[in-house]
Amino acid sequence: MNKIRLIMLGLQQGDSIMELSRNYGVSRNTIKKYRKLLQDGTNSVVVKDLDDEQLEKKLQIADNDSVDKGRYSRLLCKKEQYLKALTNSHMTKQLLWEQYIAEEGESGYRSSQFSYYLQKWQSQQKTVMVLGSSPGEKLEVDYAGDKLKYIEGDSGAIRYCEVLVCVLPYSDLIYCEAQADQTQMNFVEGIGRALQYIGGVPKLIISDNLKSGIKKADRYEPELTELCEQVALYYETHMTAVRVRKPRDKASVERSVALVYQRIYAVIENRPVFSLMELNQLMARELEHLNNRLMGRSKMSRWEEYRTLEKPHMLVLKVSKLMEVKKSRVGKVGKNYHIALTEDMHFYSVPKEYVSEEVKMIYSLREVEIYQGNKRIAVHQRDCRRYQYSTKAEHMPVAHQHMRVIRGYSSEDLLQLAQNVGEHTRRVAGEILQSRQYVEQSFQSVIGLVHLPKKYSKERVEKACSLIGPTVKASYMLIKTMLVNQMDKRSLEETPDDYTTVQHDNIRYDKSI
């Protein structure tokens with residue numbers, strides 16, 4: 001503006017256009033425009049009295065009048081009409097321009113200039129307000145849109161899991177963890193672990209409109225689930241939710257989710273992970289790196305800024321134990337002495353005496369308790385594998401316990417049991433194991449062999465096994481027959497050379513001898 005004022009002052013003093021253009025590096029056409037403005041009655045005194053904004057406005061009006069010949073003014077009159085039309089998802093800027101040019105003809109703006117003005121007006125409407133946040137005021141909570149995955153150790157199946165992200169907007173301290181799903185249990189306990197991680201409680205916890213926490217969304221008073229109300233009471237804070245489809249209401253956590261993608265997902269998502277626990281351990285390590293990185297705005301890390309500026313304003317975390325969410329259901333024990341937790345479709349054992357009885361299951365994220373009346377009859381670690389069984393040996397009938405032991409044997413185990421009887425018994429057991437194409441098919445025969453000392457002595461079993469020579473095919477039935485007929489007790493006597501046939505009525509003799 002100072003250069004414009006000097007040019008206009010030079011024009012007032014009679015300087016030539018060529019000389020002014022050379023001195024100030026401004027085109028002659030532009031200087032002619034300033035001269036025309038002076039000739040229209042704007043003298044140097046008036047120009048001197050105008051501030052920069054007023055002078056720019058006068059120059060713009062002159063420019064519109066001289067160059068655009070009033071077309072900008074006509075376009076400006078239709079500003080609201082065009083902006084309203086663009087709110088229709090079926091309307092485009094190209095269609096609006098075609099309508100505009102049909103009215104204006106050749107004097108109208110070309111498509112690029114028309115779109116420029118529309119874009120400028122739209123940007124003016126999309127202004128945002130910087131609200132800021134006070135230290136210790138709120139904790140924003142949301143689930144990341146992208147999921148992480150791990151390989152289930154037993155089955156090798158790929159499991160996808162949710163990632164909960166929490167952030168304190170003032171210090172930008174972030175907490176995140178992987179969860180199996182977005183159920184109320186995981187959501188509530190995730191918030192509890194976040195509060196333990198930061199070591200304090202904010203005055204307000206703000207979440208998205210999750211089904212886990214919000215019963216009914218509302219712009220002013222969202223209705224929380226009963227469980228979230230209990231959480232607010234337990235941690236002595238307040239909970240609320242942002243407006244539906246208004247991500248800017250929780251801009252800090254949205255920005256933190258992007259950081260988690262860049263600093264945690266990108267580092268660990270291609271690593272082989274075999275459990276949810278292992279995945280969370282990797283995430284915790286990378287999270288510490290993120291929270292300890294220096295931020296450009298203050299040359300402090302998130303942890304340093306939180307401990308220095310925000311923690312003194314946080315409420316005290318008065319509880320040392322997470323709020324544990326428990327649910328219950330009633331069901332009948334099946335004939336296989338198991339009952340299903342239908343939420344996971346996993347089966348848990350109870351003592352066999354309670355078959356066909358009605359029992360109550362009380363379960364949390366980590367534990368399943370089973371009661372009959374007021375008596376607890378079983379407790380298990382919770383297992384979310386679908387259509388699998390969690391069975392305790394003491395709940396099984398004796399015969400089932402025995403079968404479970406047998407199914408757990410290996411070839412080495414059976415040979416060691418045979419060795420406890422004797423060397424010959426171990427040799428025979430080895431021959432039996434090698435007699436089948438699949439070694440597991442001969443397990444039952446060897447188990448029968450090593451159980452023979454329960455009825456017969458070890459010495460007799462070992463003696464019977466010693467009588468099995470290399471040309472005889474060893475088997476459990478052969479050893480058992482020898483013991484039943486007491487063949488192991490007979491002495492081995494050589495057959496006499498002068499053997500004489502015993503005289504007996506049932507023997508046919510050859511009279512020619």
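Computed from a prediction, not measured in an experiment: that's the story for all the values here.
T391 places no side-chain N or O within donor-acceptor distance of the main-chain N or O of S349, the cut-off being under 3.5 Å. H346 places no side-chain N or O within donor-acceptor distance of the main-chain N or O of L341, the cut-off being under 3.5 Å. Of the possible donor and acceptor atoms, one in the side chain of T308 sits under 3.5 Å from a partner among the backbone N and O of E304.
Take K84 and apply the salt bridge (charged side-chain N to carboxylate O under 4.0 Å, His left out) test, not counting sequence neighbours, and it matches no residue. The ring pair (Phe, Tyr, Trp, His ring centres under 6.0 Å) test applied to Y235 returns no partner, not counting sequence neighbours. Residues that satisfy the side chain to side chain donor-acceptor pair (under 3.5 Å) test with T30, not counting sequence neighbours, are S27. Shown here are the salt bridge (charged side-chain N to carboxylate O under 4.0 Å, His left out) partners of E343, two or more places apart in sequence or in another chain: K327, R382. Residues satisfying the side chain to side chain donor-acceptor pair (under 3.5 Å) criterion with S298, sequence neighbours excluded, are E305. Residues satisfying the side chain to side chain donor-acceptor pair (under 3.5 Å) criterion with R376, sequence neighbours excluded, are E369. For Y175, the ring pair (Phe, Tyr, Trp, His ring centres under 6.0 Å) partners at least two apart in sequence or on another chain are Y197. Applying the salt bridge (charged side-chain N to carboxylate O under 4.0 Å, His left out) criterion to K78, with sequence neighbours excluded, gives E103. Remark: Y82 pairs with F114 by the ring pair (Phe, Tyr, Trp, His ring centres under 6.0 Å) rule, at least two apart or across chains. Annotation: side chain to side chain contact (heavy atoms under 4.5 Å, CB included) contacts of Q281 (sequence neighbours excluded): M277. Partners of D181 under the side chain to side chain donor-acceptor pair (under 3.5 Å) rule, at least two apart in sequence or in another chain, are T183, N186.
Residue pairs that meet the side-chain hydrogen bond (donor to acceptor under 3.5 Å, both in side chains) test with at least one member in residues 261-270, sequence neighbours left out, do not exist here.
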